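What you see is a predicted model, and the numbers here were worked out from it, not measured in a lab. Order of the sequence lines sets the chain letters (A, B, ...), proteins ahead of strands, with each chain counted from 1.
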Number of protein chains: 2
Amino acid sequence: MNPHQTIRLAVIDTDSGFVTVLSKRAEAAGWQLRHAAGAVPPEELVAMKLNAVLLDPAVLGDEGWEYLERVCGMLPDLGVIVCTGRSTVAQRVRGLRLGVDDWITKPCHPEEAMARVEAVSRRRRRGRNEAEAGPVIAAELEIRPDQFQAFVGGDSLDLTRREFELLQLLAGAKGQVLERETIYQRVWGYAMAHGDRSVDVFIRKLRQKLEKRSPNWGYIHTHFGVGYRFDPEPAEGLLDEPLVIPDAAPAPEPSSQVVHSSFTAG
Amino acid sequence: MNPHQTIRLAVIDTDSGFVTVLSKRAEAAGWQLRHAAGAVPPEELVAMKLNAVLLDPAVLGDEGWEYLERVCGMLPDLGVIVCTGRSTVAQRVRGLRLGVDDWITKPCHPEEAMARVEAVSRRRRRGRNEAEAGPVIAAELEIRPDQFQAFVGGDSLDLTRREFELLQLLAGAKGQVLERETIYQRVWGYAMAHGDRSVDVFIRKLRQKLEKRSPNWGYIHTHFGVGYRFDPEPAEGLLDEPLVIPDAAPAPEPSSQVVHSSFTAG
DNA sequence: CGCCTGCTTTCACAGGATTTTCACAGAACG
DNA sequence: CGTTCTGTGAAAATCCTGTGAAAGCAGGCG
């Protein structure tokens with residue numbers, strides 16, 4: 001659906017020049033990048049929930065082939081792209097037969113490397129359901145992208161398409177305040193017309209359905225003049241127990257992330 | 001997986017030397033090869049049931065890009081590998097972004113070309129639903145891919161080809177909502193044209209045949225605005241009359257505090 | 001070669017479900 | 001205290017699906 005799906009990539013290389021340039025571009029494109037200078041155990045790669053890994057087996061020395069084999073064997077769903085210097089046809093063929101998805105030769109234009117990572121990720125994502133993403137769980141709320149449904153305590157909320165996408169967006173950015181414009185842009189896919197109240201209406205519908213299943217919860221908070229914020233914790237004061245979390249929590253909503261309200265009236 | 005699975009590849013190129021050498025090797029490896037010297041309509045590519053197509057867009061002249069776009073757009077499941085002479089980074093990036101899976105530069109060792117075709121086909125095959133081999137059994141429904149038939153309680157449903165493939169797809173992804181586009185893509189083999197209602201029509205036929213054999217079952221659920229979902233469990237409320245949505249029920253929520261049992265999907 | 005038959009695709013329309021719009025009341029803000 | 005913004009209920013508009021039937025196709029048979 002979304003043409004600009006965010007890509008999670010790990011780069012295993014010591015070529016600092018290449019890595020730096022690539023990182024800059026990738027982050028500009030909104031990718032999530034991890035970098036390592038040596039072999040990363042396949043288990044950790046799994047934990048990173050990557051789309052693809054871009055590596056130069058040369059930095060692994062003699063273990064290069066073995067590592068490649070292990071990664072390709074254990075993680076058949078992970079896109080593997082080799083980007084290395086001189087290599088023979090035989091080496092490339094060996095790698096590709098082993099499970100490598102693409103083999104690029106350095107020096108390589110970072111834009112092309114990115115395009116190839118995209119190509120591999122795209123093909124990987126295909127076939128699997130489009131809306132591939134693990135279920136999101138917030139408190140007793142569970143969101144299943146593969147079913148287009150959300151559950152509270154096991155009961156389906158019976159959401160419509162827009163309601164579902166809105167909830168998915170909010171819950172996915174839990175703790176963050178999302179401006180109406182942003183919400184509209186992301187859920188509806190195009191810019192919000194001036195004076196459009198659709199977001200408010202759908203927020204109400206969501207609140208209704210959520211609170212029917214789970215009263216006194218207060219998932220969705222209004223930020224006057226700005227937008228809405230989803231909070232998986234019970235609303236304070238409703239359970240006669242304020243429960244101030246923010247102090248203990250090491251990562252409350254970083255106000256640097258939260259866009260300030262440039263809400264233009266009139 | 002078997003490393004030597006037979007691959008069906010179409011080569012669109014006029015470089016007779018390259019084609020000859022490649023053909024020889026590919027046939028030695030047991031691949032099924034087709035050759036064309038000009039643009040082949042996407043419909044024909046579909047009919048060939050290919051794993052991948054290897055082409056040099058240069059032989060198509062000005063239509064090269066357009067053709068690439070058409071093929072990649074209509075056949076998102078087909079592996080597309082470009083193998084051409086000089087090309088700029090910008091061209092390669094454009095192609096890869098467009099949907100091309102790999103871009104090789106001539107001169108190119110045929111062994112490497114083959115390895116890349118394999119890599120693309122491998123990844124393509126992986127995504128597909130695995131459950132296309134063995135018989136699928138869901139409740140009292142049994143699907144036998146080897147016979148192209150489905151049975152309910154032992155009675156054949158007498159399905160046509162499309163009906164069968166649709167049912168197979170749905171039942172293989174039971175519990176998951178499949179979007180119309182996805183369904184069409186997988187059953188028909190190419191992208192759905194805007195406004196095509198074929199999926200709906202076949203869903204109706206399936207429902208008719210299924211419910212004639214097993215009334216009050218409700219296998220196929222509609223997700224408004226999204227697609228369909230196959231559910232092997234009997235639809236609730238059809239075997240009895242438990243009613244729906246108590247209007248003034250004081251405690252409709254059961255054990256909302258207790259940890260819920262995760263929805264058991266097959 | 002032409003007809004017949006069954007399958008697939010297309011079309012138009014009706015009935016619903018969903019989304020958008022609107023007007024007003026209440027709440028928040030300065 | 002006035003202005004701006006949000007919550008709400010309901011009407012209006014839009015979109016989506018179910019359905020019946022006709023048109024297009026392909027293959028089998030006389």
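In terms of phosphate contacts, B:Tyr228 brings a side-chain nitrogen or oxygen within less than 4.0 Å of OP1 or OP2 of D:dG18.
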Acceptor/donor pairs from residues 190-199 of chain B side chains to any protein atom, 3.5 angstrom cut, sequence neighbours excluded:
unit_1   : atom_1 : unit_2   : atom_2 : d
B:Asp196 : OD1    : B:Ser198 : N      : 2.7
B:Asp196 : OD1    : B:Ser198 : OG     : 2.6

Quiz: residues 65-74 of chain B side-chain donor-acceptor pairs under 3.5 angstrom, not counting sequence neighbours:
unit_1  : atom_1 : unit_2  : atom_2 : d
B:Tyr67 : OH     : B:Val40 : N      : 3.2
B:Tyr67 : OH     : B:Val40 : O      : 2.5

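Contacts between residues 200-207 of chain B and DNA chain D, counted as heavy-atom distances below 4.0 Å, involve B:Asp200, B:Arg204, B:Arg207.
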Which atom pairs link the protein and nucleotides 23-26 of chain D when you take only N or O atoms and keep those under 3.5 Å?
none

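For B:Phe148, the ring pair (Phe, Tyr, Trp, His ring centres under 6.0 Å) partners are B:Phe164, not counting sequence neighbours. Residues meeting the side chain to side chain donor-acceptor pair (under 3.5 Å) test with A:Glu27, sequence neighbours left out: none. For B:Trp31, the ring pair (Phe, Tyr, Trp, His ring centres under 6.0 Å) test picks out no residue, with sequence neighbours left out. Residues satisfying the side chain to side chain contact (heavy atoms under 4.5 Å, CB included) criterion with A:Arg204, sequence neighbours excluded, are A:Val201, A:Gln208. With sequence neighbours left out, B:Thr222 forms a side chain to side chain contact (heavy atoms under 4.5 Å, CB included) with B:Arg207, B:Tyr228.
If you walk DNA chain C from 5' to 3' and mark each nucleotide with an atom closer than 4.0 Å to a heavy atom of chain A, the marks span C:dT18 to C:dC29.
In the helix from C:dC1-D:dG30 to C:dG30-D:dC1, the terminal helix axes, each the rotation mapping four pairs' C1' atoms onto the next four within five end pairs, subtend 30°, rounded to 10°.
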* To do: Evaluate the side chain to side chain donor-acceptor pair (under 3.5 Å) criterion for residues A:Arg144 and A:Gln149: first the C-alpha distance (whole Å), next the side-chain angles of each, then the deciding distance (0.1 Å), finally the verdict.
  => CA-CA 6 Å; A:Arg144 298 216 180 176; A:Gln149 277 191 325; over 6 Å; no
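Between A:Thr182 and A:Leu169, every side-chain heavy-atom pair lies at or beyond the 4.5 Å cut-off.
Remark: P of D:dT19 and CZ of B:Arg197 are 11 Å apart, rounded to the nearest angstrom. If you measure from atom CD of A:Glu181 to atom P of D:dC5, you get 12 Å, rounded to the nearest angstrom.
Distances from the side chain of A:Phe224 to the nucleotides D:dC5, D:dG18, D:dC16 place D:dC5 closest.
Between A:Asp158 and A:Lys209 the shortest heavy-atom distance is O-NZ, 3.0 Å.
Applying the salt bridge (Lys or Arg N to Asp or Glu O under 4.0 Å) rule to pairs touching residues 29-44 of chain B yields nothing, sequence neighbours excluded.
Toward the 5′ end of DNA chain C lies the nearest nucleotide of A:Leu159, the other residue of the pair A:Asp196 and A:Leu159 mapping further downstream.
At a threshold of 4.0 Å, the pair B:Asp77-B:Arg186 does not count as salt-bridged, since none of the basic side-chain nitrogens sits closer than that to a carboxylate oxygen.
The aromatic rings of A:Phe202 and A:Trp188 sit perpendicular, their planes meeting at an angle over 60°, well past the 30° parallel limit.
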